[in-house]
Every structure is written in C-alpha cells, then in structure tokens.
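Every chain is numbered from 1 and lettered A, B, ... according to where its sequence line falls, protein lines coming before strand lines. Values below: all heavy atoms of this structure, side chains included; hydrogens, waters and symmetry mates excluded.
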Amino acid sequence: MTEQNQDIDKLQQQRQDKLAKIKQLSIDPYGSRLDDIESASAVRAKFDSTRQDQTALCAGRIVLFRDIGKLIFITLRDSSGTIQLGLSRKLLESQWDLIKLLDLGDVIGAEGTLGLTKTGELTIWTTKVIMLSKCVLQPPEKFHGLADIELRYRQRYVDLWANPEVMDRFKKRIAMVATIRNFLQAKGFFEVETPMMQSLAGGAAAKPFITHHNALDIDLYLRIAPELFLKRLLVGGMEKVFEVNRNFRNEGLSPRHNPEFTMMEIYQAYADYNIMMDLSEEMICLLVEKHCEGTTLQYGEMRIDYSRPWRRASYRDLVKEYAGCDIQDIAAIRSKAKSLGIEEAKLDDDIVVNEVFEATVEKNLINPTFVIDYPARLCPLTKRSKTNPDYAERFELYIGAMEVANAYTELNDPQVQYDNFVSQIKGSNEDENTFRNLDEDFINALKYGMPPAGGLGVGIDRLVMLLTGATSIKDVILFPLLKPEK
RNA sequence: GAGGGCGUAGCUCAGCUGGUAGAGCAACGGCCUUUUAAGCCGUUGGUCCUGGGUUCGAGUCCCAGCGCCCUCACCA
C-alpha cells in the first residue's frame, strides 16, 4: 500500500503521475549505482576548448529547466557547482518520452560530449540521460531559493541545494576542520576520542543534560567538556593530544549558542599558555590564509583584521582601558559596576570584576585579542603565575567581540586542584543549578603526576562563523536544535 | 524565562483606516534547436499558523495557544 491519500496536493499528484509514467516506460525512477561520475567543477576544469572529442558523465539535481521545444537546457547541480546539459531531440529521440517527464528537482545523470554554446556556456551535449531519483515535491522558487529561515533549518536537505551559498559555507567548514586536523597531526598531536557520556560532568561550569543507562541502571551526563579526560591522557603518557567533538550544555539558545556545539581541545605536555597562544594564532591565521579572501574579513558591521601579530593585553590593563578602573581597587570596581546597572551587592569581588569586564571590555575586542592573566579565583583549573599568584596563567581569545578560545597553563598539583574543587563546590549555590562535582579519579590521576602542560579550547562553530561571515551559529551547524513542530 | 517582531498559493512576496484573496516563479495546455531567473499566449492553484471573541462583515481589530527571528538573562 502507498501512503498516498486524498490530502496529497495537486502539484504532488502531478509528479506522482509522472513517476507512474516513468515506471510504464520500464525505467526505475529511483535509479541505481552509477560509476565514473565527474563533478561539475572537475568537468569545467578539464574542458579544453580546442578539442571536440571530450566526453563527460555528471550526476546531480535539476535546478533550472529551459525547454525550447526540440532543445532543452538543464542546469544540473552537484556539491561542486553547476553544469549545463544540452538535450537535443535529434540526439535523444529514443529517450524523449522520459525527458518530457523530467521535473525541476529530479536527480539525473547525463553523459555526452563537451562543447560551448553560442554564448560560450560549457555544455554537456547529452547522448544519454539516466534517471536516478524522482523528486515528488515541488522545489523552492528557482531565483530566491528557500528564504524562510525556519524551513531552511528544518529542511536543510532542501536548503543545501536550493541555496548554493549554504553548501559553500558548509564545504568551508569541512575544509577548515580538515586543515586543523592536518595542522595538528603534522605537529605530532594524537587525535583522540574521550567519553561523551560521563558519570560526572566536569571540566567546566555548566548545566549538563542527563540521560540514563538501563543495563547499569545509572544516570549519565552528556559531557560539558572533555578536559578532565584529555588530561588523564597526559598522565597516561600521551604528550600531545587533541579532540574535536561535541559538548552539550543545558542552556538557552541564542545566535551564538546551540545546546550541542563543537569544541576542540588541545593539550601539550611540557608547554604553557604562551605556547598555546602562539599555536592558536598560527592555526587560525593558517585557516584565514587557506580558506578566506585576504586578511581583513567583514563580519556583520565589523571589519576584522587577522594580520599578525595579534594584540596581547592583560585582563587588568583592559579593564583599566575600557572601564577606567583598577581591578585591585574593589571600591572603584563596585561603583563602576553599580553605574553599569550590575547588582553587585550580593556578588563576590572577583565576580563583580568579571561582570565589569564583560560589560565594558568584551564589545571592544574586534580584532583578534588575547586577554591574558585572569584573576586566579576565576580559574580553578589553571596554574597561578609564579611572579604574581593573584593571577592565573590563562588567556581567552576574543575575535569580533566573541570569545572563541580559552587556554591555560594547566594546574598539575593534585593538592591545589583538590582544594580548588572543594572551594568551588562550597561556592556554588542551589538556584544556580550548575552541577559541580568532585572528580576524585581525576585527582587520583594527578597524584601519579601530570606533566606541566598547556591546554587550549577552541569553539569551532564560532570560529567558522567568523571566518565565513555567519552571524548566527545556526548557519554553521547543519542541523541546529529547533523545537519539534506541533 | 522576559520584552519586541513575524506567520497569506508548492516557493518568494503584496494586501491602506475592517467590505468577501493578488503578483512573480513553479505547475498544466500550446508555440519555439543555442537558452542563462529563456521568451510569448492561455489555464489552474488558498483551513490567510491554530482556537476563541468583537462586528452586518475579520487576512486586517481583541484574547489565548503554537512556531520562527531579534534583544536580554544563563553560558562558549
């Protein structure tokens, strides 16, 4: 039985009728394996206008259809781009019945001879059309594409071919992640995978998602960070490791936040946060060089200059510069906080300082800026500065007023780490609903001795946003979270 | 979670201070062998997001709900 019913709309019914007619021609409307296909861009690249004997076989979706009677021009799209097919009745008399049943949106293969039209358009003068998949739904309008934002996210499978810039952006993301992997592997980093389901969600201050394992009858948390497992690998003797994978945080959505997002974390034994700074600068500049046009990129209203060297400024100096007060001067900081409308009275000193930082400094950090040396109390997993123990050897990288990376000289003293965890748990309040657990096994690992190390976390989605000009994180995630319909 | 905006044909969009639903693309029929969002002639197509209410009359006004977007909050 079919799922067809009276509710099926007229446009769909017309296409179903064509599908039936294709079957009557003894042709499978859903095709089969097709070997030796060339991409549209590969065919464009190989075409030699001095030759008349070149052939090509392409496969893709019909996105434009121009029927001139005994001649039909089709624009076929694959992930590499488009190529024009010329279907002449003279050449394709035996297949003309099938050709008259083709619709916009159908997936077909076409084989023929390459040539140029009068107007110089590269064309496959087709000698054989291969039906690969019938499209029984009406595709979006050919010129505007799919514009409805909600539909674009819900039906990304249409968005990707209806709006070529969407395919291009995701291809860029894919290429950038590949560049990152190659870059790190060439430096001798091991790419590893650590648990996404954890019995303790640690390594960050965030609300986790909870799930349940039936056989063991235990609750598990989707990880909020891979940090504590990657450091265990340092203890295990892997000196250089990285992981690119999803983190999950049970928080609100925004143009910069998706509940699952891709984080890359890198750990390097015998290094420190200065080495991580150099590494991140080198890596992101490589991405700009390989995947972007020029070193100054437009992002929304901002023009961001990625040329090296990037600014490195201390947290304290930046607060002085943009808030006009010294973070050591708590009275001044509190009065500044009040003037910014921050309810500072019930907050700890260091939290107030950070509120002031976020309210005054962040929005000014347009060009890549390393904010270095954070107040130590904000950094429970970070080693303190030897020269001034009030500060931790930590930096955050800001680009386009957005935090894209966070790095430390990793704390490797098990006793200090233990004390930090305990005081952090004490400091957390109930309505915060943030899970803070003491990971005793992690402390145990540190007791075996973790080499001094630098660690770096990079928000891949945000980096891709910046480098592809996407102002919403949903535009760099293939299937962003949306509420289910109805 | 709070505030603001949006939801009309398969798609992209009009629709004024309330008067009975429109265009382009797509589709269908016709013409056309070098088009480029092909063109020309003709035709079809609507639970105006859902449910209430006000009104002689609601796409339009009011209330509630659903979804999306923006801003804010939590955070990366």
Engineer: Does A:Arg66 put a side-chain nitrogen or oxygen below 4.0 Å from OP1 or OP2 of B:U35?
Structural biologist: no
Engineer: What interatomic distance, in whole Å, is found between C1' of B:C13 and the corresponding atom of B:C56?
Structural biologist: 32 Å
Engineer: Just compare B:C11, B:C69, B:U36 and give me whichever is closest to any side-chain atom of A:Leu482.
Structural biologist: B:C69
Engineer: Write down the distance separating the C1' atoms in B:G45 and B:U8, rounded off to the nearest Å.
Structural biologist: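 About 14 Å, rounded to a whole number of Å.
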Engineer: Is A:Phe73 stacked on the base of B:A38, meaning ring centres closer than 5.5 Å and planes within 30 degrees of each other?
Structural biologist: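 No, aromatic ring not over the base.
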Engineer: Using a heavy-atom cut-off of 4.0 Å across all strands, would you classify A:Leu137 as base, sugar-phosphate, or nothing?
Structural biologist: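 Counting heavy atoms under 4.0 Å across all strands, no contact is made by A:Leu137.
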Engineer: Are A:Lys70 and B:C31 close enough that a side-chain N or O sits under 4.0 Å from OP1 or OP2?
Structural biologist: no
Engineer: In whole Å, measure the gap between the C1' atoms of B:A64 and B:A38 for me.
Structural biologist: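 The same atom, C1', in both gives a distance of 50 Å.
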Engineer: With a 3.5 Å distance limit and no angle check, can you tell me whether A:Arg232 reaches the backbone of A:Leu228 through a side-chain donor-acceptor pair?
Structural biologist: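 Yes: the side chain of A:Arg232 pairs with the backbone of A:Leu228.
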Engineer: B:A9 and B:G51: how far apart are their P atoms, nearest whole angstrom?
Structural biologist: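 Going atom to atom, P in each nucleotide, I get 16 Å.
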Engineer: Going through the distances and angles, do A:Tyr408 and A:Tyr273 end up as a ring pair (Phe, Tyr, Trp, His ring centres under 6.0 Å)?
Structural biologist: CA-CA 5 Å; A:Tyr408 318 135; A:Tyr273 79 139; 9.6 Å; no
Engineer: Any non-hydrogen side-chain atom of A:Glu410 less than 4.5 Å from a side-chain atom of A:Tyr267?
Structural biologist: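 Yes, at least one pair of side-chain atoms sits under 4.5 Å.
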Engineer: Within less than 4.0 Å of OP1 or OP2 of B:C74, is there a side-chain N or O belonging to A:Arg249?
Structural biologist: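 For B:C74, neither OP1 nor OP2 has a side-chain N or O of A:Arg249 closer than 4.0 Å.
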Engineer: Looking at A:Trp161, is A:Arg77 sitting on its ring face, NZ or CZ under 6.0 Å from the six-membered ring centre and within 45 degrees of the normal?
Structural biologist: no
Engineer: Measure from CG on A:Asp148 to P on B:C25 and round the result to the nearest Å.
Structural biologist: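 It is 21 Å, rounded to the nearest whole Å.
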Engineer: With sequence neighbours left out, what residues match A:Asp168 under side-chain contact (heavy atoms from CB on, under 4.5 Å)?
Structural biologist: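 Checked A:Asp168 against side-chain contact (heavy atoms from CB on, under 4.5 Å); matches are A:Lys171.
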Engineer: Measure from CZ on A:Arg256 to C1' on B:U71 and round the result to the nearest Å.
Structural biologist: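 For the pair A:Arg256 CZ and B:U71 C1', the rounded distance is 10 Å.
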Engineer: Which value, in whole Å, describes the distance between the C1' atoms of nucleotides B:C49 and B:C66?
Structural biologist: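 B:C49 and B:C66 have their C1' atoms separated by 8 Å.
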Engineer: Does B:U33 have OP1 or OP2 sitting under 4.0 Å from an N or O in the side chain of A:Lys118?
Structural biologist: no
Engineer: Which nucleotide sits closest to the side chain of A:Ser472: B:A38, B:C70, B:C13?
Structural biologist: B:C70
Engineer: Under 4.0 Å from OP1 or OP2 of B:G67: is there any side-chain N or O of A:Lys483 that close?
Structural biologist: yes
Engineer: Taking the C1' atom of each, how far is B:G65 from B:A23, in whole Å?
Structural biologist: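 About 32 Å, rounded to a whole number of Å.
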Engineer: Take the protein atom CZ of A:Phe65 and the nucleotide atom C1' of B:C25, then report the distance between them rounded to whole Å.
Structural biologist: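 After rounding, the reported distance stands at 16 Å.
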Engineer: When you measure only distances, ignoring hydrogens and angles, does the side chain of A:Gln84 come within 3.5 Å of the base of B:U35 through a donor and an acceptor?
Structural biologist: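 By the distance-only test, yes, there is a pair.
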Engineer: If B:U47 has a Watson-Crick or G-U wobble mate with both distances under 3.5 Å, name it; if not, just say none.
Structural biologist: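 Here B:U47 is not engaged in any pair, so there is no nucleotide opposite it.
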Engineer: Please give the distance between the P atoms of B:U43 and B:C48 as a whole number of Å.
Structural biologist: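 After rounding to an integer number of Å, I get 25 Å for this pair.
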Engineer: Nearest whole Å is fine: how far is B:G10 P from A:His144 NE2?
Structural biologist: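 Interatomic distance, NE2 of A:His144 to P of B:G10: 18 Å.
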